[in-house]
Amino acid sequence: MEDGKTGDVVRKEPITVPLLEEHLSPATTLQLNHDHSEIQDDLPSRVWVESKKLWYIAGPSIFSSLASFSMIIVTQAFAGHFGNLELAAIALSMTVIIGFSFGVLMGMSSALETLCGQAYGAKQYHMIGIYMQRSLVVLTLCSILLLPLYVFTTPILKVLGQPDDLAELSGSITIWLIPLHFALALQFPLQISLQCQLKTPIIAWVCLGALLFHIFLNWLAVYILGCGVIGVAATSNVSWWIIDLVLFSYIVGCGCPETWTGFSMEVFSGLWEFLKLSVASGVMLCLENWYYNILVLMAGNLKNATVAVSALTVCMSINGLESMISLGFFASAGIRVANELGAGNGKAAKFAAEVSTITSLIIGILICILIGIFHDKLAIVFTSSNVVLQAVDNLAFLLAFTILLNSIQQVLSGVGIGLGWQATVAYINLGCYYIIGLPLGAALGWVLHLGVRGIWSGMIAGVAAQTLILIIITIRCDWDMQAQKASSRMNMLSNSSGKP
């Protein structure tokens, strides 16, 4: 209703654009509409509605990440039945080579969260299909550029000091993992496109089916066909490509009629601008992923390096499992913020960022409490060595504090992606991680002789500085201005593609 002044409309709900409800089931939509009808201005109701929108994206995203992570673990577990050399070789191939390309491709694909999320909010649904195709082109080209890493794995590992037999076997395995490498280039754009359309349950179901099939395929290869470690590596290609084929069939079939209008040459009209945003996204996430890998490498140069690296590996494995939860909130925060900005709702985007951050922080606090309770038993699943158990116990406080910081930092990075701040966050990561964290860690670890705790403490200081800066710039953000920028970006990119 109008209050008598031209153009002034009285609205009861502070968050009124029902972006999520448009693509939900009728029963879910009816429930959400019922919730909307009861919302006045009370904070608990607003938080409840936003939390449901958040978890609708975060829940399946967390499950999908855990399923994908489990597929790698299953591969390593079956390879371990052939011997220690085979286990070490496939673990090296998966964690170092695949892990490196995984980080690069995932980082570059996160540009889609900004553009597809804002396009969905602006109801320019046809652009989501265009952006997805642009990302497929960019990531495929990037995959081709990364091929020498797979072809020359053996000499690279030898230069890094790995034993000859381990380097040779790892190189043979990595060659067989090239199809998986290209599967990642397709999987990230397909998944993010569906996430931005709020079709996250289909991703979770497909990943669950692929995980179950992957377990069966590994069992078949090892115990029935006797294919050896190369056969185990080859099964990964099949499982990951199944995910791609099912998701692609869903998108081009009847699953996304509004966003998929077929292949188009418009993909190449705005490719350069898209490439720049993709590179900024890739740098942003790679700087963070490599940061923790460097921590392990630095520990390898300490006295009693075997114990130090073993303890750090256990802690990083626990941190990696928790990061699957953080990645879910990273994706959901970016998409929710981008959706609302694309719809022109700056205040709603701010509220989505606040709810996402607080929810993730609460989960981080709960995990820290569990670590505090079971601090002396954290490594039992990984090792029976009393020396390593004690070393992990000594690092439990640092692990808990790292997880607490990550629960805030990951979400704020996702908010930055929703805002299109990839380049800004990349500069922040570069300064905090590599100018503050690494030098301070080296000084504490070697100069002050604090060992692995000193190295980790210094690197935590870098994460803390990054988190503080992200908090400050997010608090000072002019959300209404960002909504206007998102609208301008959508109009400019839509016009450049020849659409009205």
Side-chain angles (χ1 to χ4, degrees), residues 92 95-96 99-100 103 156-163 283-320 322-323 364 368 371-372 375-376 378-379 382-383 385-410 412-413 425-472:
L92 201 60
T95 56
V96 176
F100 179 86
I156 290 173
L157 292 178
K158 288 181 178 180
V159 169
L160 293 176
Q162 299 300 320
V283 171
M284 167 187 160
L285 291 184
C286 286
L287 287 174
E288 183 174 330
N289 291 336
W290 297 338
Y291 188 57
Y292 289 101
N293 291 333
I294 291 174
L295 171 61
V296 178
L297 292 175
M298 291 174 67
N301 293 311
L302 295 171
K303 293 181 179 179
N304 298 320
T306 302
V307 174
V309 171
S310 298
L312 264 181
T313 301
V314 171
C315 290
M316 290 300 103
S317 297
I318 296 172
N319 187 59
E322 188 278 335
S323 70
C368 288
I371 291 175
H375 63 92
D376 56 340
L378 291 176
F382 300 90
T383 181
S385 170
N386 291 329
V387 177
V388 176
L389 286 171
Q390 183 60 47
V392 173
D393 187 16
N394 294 336
L395 296 174
F397 174 77
L398 294 176
L399 173 62
F401 194 59
T402 300
I403 288 175
L404 185 63
L405 285 176
N406 285 340
S407 67
I408 305 173
Q409 174 263 330
Q410 287 277 13
L412 293 179
S413 294
V425 178
Y427 284 121
I428 293 172
N429 289 354
L430 179 63
C432 293
Y433 290 164
Y434 297 93
I435 297 178
I436 297 176
L438 288 181
L440 183 58
L444 292 175
W446 288 307
V447 178
L448 298 182
H449 306 291
L450 295 179
V452 66
R453 297 182 68 181
I455 294 175
W456 198 349
S457 297
M459 300 185 77
I460 285 178
V463 179
Q466 179 217 26
T467 304
L468 180 61
I469 294 173
L470 289 176
I471 290 174
I472 292 173

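When a residue number appears, it is its place in the shown sequence, counting from 1.
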Practice prompt. Apply the test side-chain hydrogen bond (donor to acceptor under 3.5 Å, both in side chains) to residues N386 and Q390: give CA-CA distance (whole Å), side-chain angles for both, the deciding distance (0.1 Å), then the verdict.
Written response: CA-CA 6 Å; N386 291 329; Q390 183 60 47; over 6 Å; no
Least distance between heavy atoms, [X] atom then [Y] atom:
X    : Y    : value
A396 : I371 : O-CG2, 3.7 Å
L444 : S457 : CD1-CB, 4.2 Å
N319 : I403 : OD1-CG1, 3.6 Å
L398 : R453 : CD1-O, 3.8 Å
I469 : C432 : CD1-SG, 3.7 Å
M459 : L438 : CE-CD2, 3.5 Å

What distance separates [X] [atom1] from [Y] [atom2], expressed to the nearest 0.5 Å?
X    : Y    : atom1 : atom2 : value
L404 : L399 : CG    : CG    : 11.0 Å
D376 : N394 : CG    : CG    : 11.0 Å
I472 : L412 : CD1   : CG    : 11.5 Å

Worksheet item: Should Y433 and V463 count as side-chain neighbours, where that means a heavy-atom distance under 4.5 Å?
Response: yes
Item to complete: Side-chain contact test, heavy atoms from C-beta onward, threshold under 4.5 Å: evaluate it for C315 versus V392 and give yes or no.
Response: yes
Worksheet entry | N429 side chain to Q466 side chain, donor-acceptor N/O pair below 3.5 angstrom | yes
Discussion item. Exactly one of I455, T402, L440 should register a side chain to side chain contact (heavy atoms under 4.5 Å, CB included) with I460. Which one does?
Written reply: T402
Practice prompt. Please step through side chain to side chain contact (heavy atoms under 4.5 Å, CB included) for the pair S413 and L470, ending with a clear verdict.
Written response: CA-CA 8 Å; S413 294; L470 289 176; 3.9 Å; yes
